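Written below as structure tokens is the structure these notes are about.
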Protein chains: 2
Amino acid sequence: MARTQGSHADITGPRIRDAALRLFAKHGYAAVSMRQIAAEVGVQAGALYNYTPDKQALLVSLLQGHMEELLAARPDPSGDPMQRLRAFTDFHIAFHLDRPEAMFISYMELRNLEKPHFDAVERLRRAYEDGLEQILRAGREAGVFALPDTRIAAFALIAMLNGVNTWYRAGGRLSLPQVQDLYWDMVRKAVAA
Amino acid sequence: MARTQGSHADITGPRIRDAALRLFAKHGYAAVSMRQIAAEVGVQAGALYNYTPDKQALLVSLLQGHMEELLAARPDPSGDPMQRLRAFTDFHIAFHLDRPEAMFISYMELRNLEKPHFDAVERLRRAYEDGLEQILRAGREAGVFALPDTRIAAFALIAMLNGVNTWYRAGGRLSLPQVQDLYWDMVRKAVAA
DNA sequence: GTCTATAAATTGATAGAC
DNA sequence: GTCTATCAATTTATAGAC
């Protein structure tokens, strides 16, 4: 029989983060109250403050955690530039389709981060963009890519790949490998020499 | 000498929309109070309700107005598919770089629209995407574009072009025509046969 | 058309019982 | 560790004077 009171430290913490992620993605950070998060978890609002000092820290943890996971999961830089770009494309699509809410709030709620937290997250994003740009530069030097501006190209490719999340629905007419093939076709041609 | 009271119907209306656009873009719809908007305009909160029935109507008006302007400003469908695609690319970049806040809230604040308003704005966006897809289909039928899926390609190209707004700053190292050339280079190659 | 004043509800966060 | 109760501040929106 379910208790209505008692100690649940091990499970409550992650459930609070899950609930906050889901609600922030759906309604936006500013529109979500601590009471809503607590209700989603099944505790009272006061209990949340055993796990987070305040609402802002909850958002910071979600965004920073997402970017650190993204950087840690990147494919190894092995193979020629074409192979590396294909691996990056496949990875980027798969990683973000697997975490639609985290990806969504990582773009949408940046402005709700206080300055030092914003700077920290931006530094991580910058590192990720740099990873792609290095692939593009290596390809240009090898003569397989033709890109007048590798920095802008990196922005453009990431923006294009991010767009998958705006239309893809699991169980739709396209499987993940089909989506990866479709985007790889355009990525490959866009950078081609 | 400036009055602190009195009638200013002609100028107050547009100024409220301007202030709301700026503040919504900066802090997010949910995070902006009617008092903040009023303060930005230089009136008291109560005065806003002479111009909008409520806060939601202000957001609807901004998003719907932006999409209608976008559709109305599209380039004429003249020329061959390659020329039409170039015109679309140049137009899309120029239009959105000219309205960064409106573009921003049109993507970010969709979720804060009540259902019927959301549907109305989505219908307009869909019409815009359809315009690009028709260009892509015409090019594929003419044999100048090679695209396995014109719908996905339209999404991908729009997402790529939208990305300009995340990094472009007026007065930066690149002029508008330079940006248009850089993106056209990638768009052209991405769809090429 | 704008003001002041206020109603009614909701917010983030804290205190103290259990 | 969670609860109930509550504070102090802020919110949208309205009423009525000018």
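Worth saying up front: this structure is predicted, and the values here are computed from it rather than measured. Here is the naming used below: chain letters follow the sequence lines, and residue numbers restart at 1 for every chain. In what follows, every heavy atom counts, from backbone to side chain, and hydrogens, waters and symmetry copies are set aside.
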### Query
Taking only N and O in the side chain of B/Tyr51, is any of them less than 4.0 Å away from OP1 or OP2 of C/dT2?
yes
### Message
On DNA chain C, compare the nucleotides closest to A/Tyr49 and B/Ala45; which residue's is nearer the 5' end?
### Response
B/Ala45
### Query
Given C/dA13, C/dT2, D/dT2, which nucleotide is nearest the side-chain atoms of B/Asn50?
C/dT2
Protein N or O to nucleotides 7-9 of chain D N or O, pairs below 3.5 Å:
none

### Query
Taking atom P of D/dT14 as reference, at what distance in whole Å does atom CG of B/Leu48 sit?
12 Å
### Query
Just checking, is any N or O donor in the side chain of B/His92 or B/Tyr128 under 3.5 Å from an acceptor N or O on the other one?
yes
#### Entry: Plane angle bin for B/Phe155 and A/Trp167 - parallel if under 30°, tilted between 30 and 60°, otherwise perpendicular
parallel
### Task
In whole angstrom, give the distance that lies between atom NZ of B/Lys55 and atom P of D/dT10.
15 Å
### Distance, rounded to the nearest Å, where A/Ile37 contributes CD1 and C/dA13 contributes C1'
13 Å
### side-chain N/O B/Gln44 vs C/dT4 OP1/OP2, d < 4.0 Å
yes
### Electrostatic pair B/Glu141:B/Arg137 at N-O distance under 4.0 angstrom
no
### Task
Using a cut-off of strictly less than 4.0 Å, decide whether A/Thr12 has a side-chain nitrogen or oxygen near OP1 or OP2 of D/dT2.
yes
### Message
Whether A/Ser33 contacts C/dT10 is assessed here as follows: a side-chain N or O lying under 4.0 Å from the phosphate OP1 or OP2. Is that the case?
### Response
no
#### Entry: Residues which pass side-chain contact (heavy atoms from CB on, under 4.5 Å) with A/Asn112, listed by chain and number, not counting sequence neighbours
A/Tyr29, A/Leu59, A/Glu109
### Message
Checking B/Asp54 against B/Tyr49: is there a side-chain donor and acceptor pair closer than 3.5 Å?
### Response
no
### Query
Any idea which of C/dG1, C/dA13, D/dA13 is nearest the B/Asp54 side chain?
D/dA13
### Query
Counting heavy atoms not belonging to B/Asp76, are there more than 12 under 6.0 Å from its CG?
no
### Task
May I ask you to say what B/Val32 touches in the nucleic acid, namely base, sugar-phosphate or nothing, with a heavy-atom cut-off under 4.0 Å?
sugar-phosphate
### Query
Under 4.0 Å between a Lys/Arg side-chain N and an Asp/Glu carboxylate O for B/Lys115 and B/Asp119?
yes
### Query
Rounded to the Å, how far apart are A/Arg15 CZ and D/dG1 P?
16 Å
### Query
In whole angstrom, what separates B/Gln36's CD from D/dT10's P?
11 Å
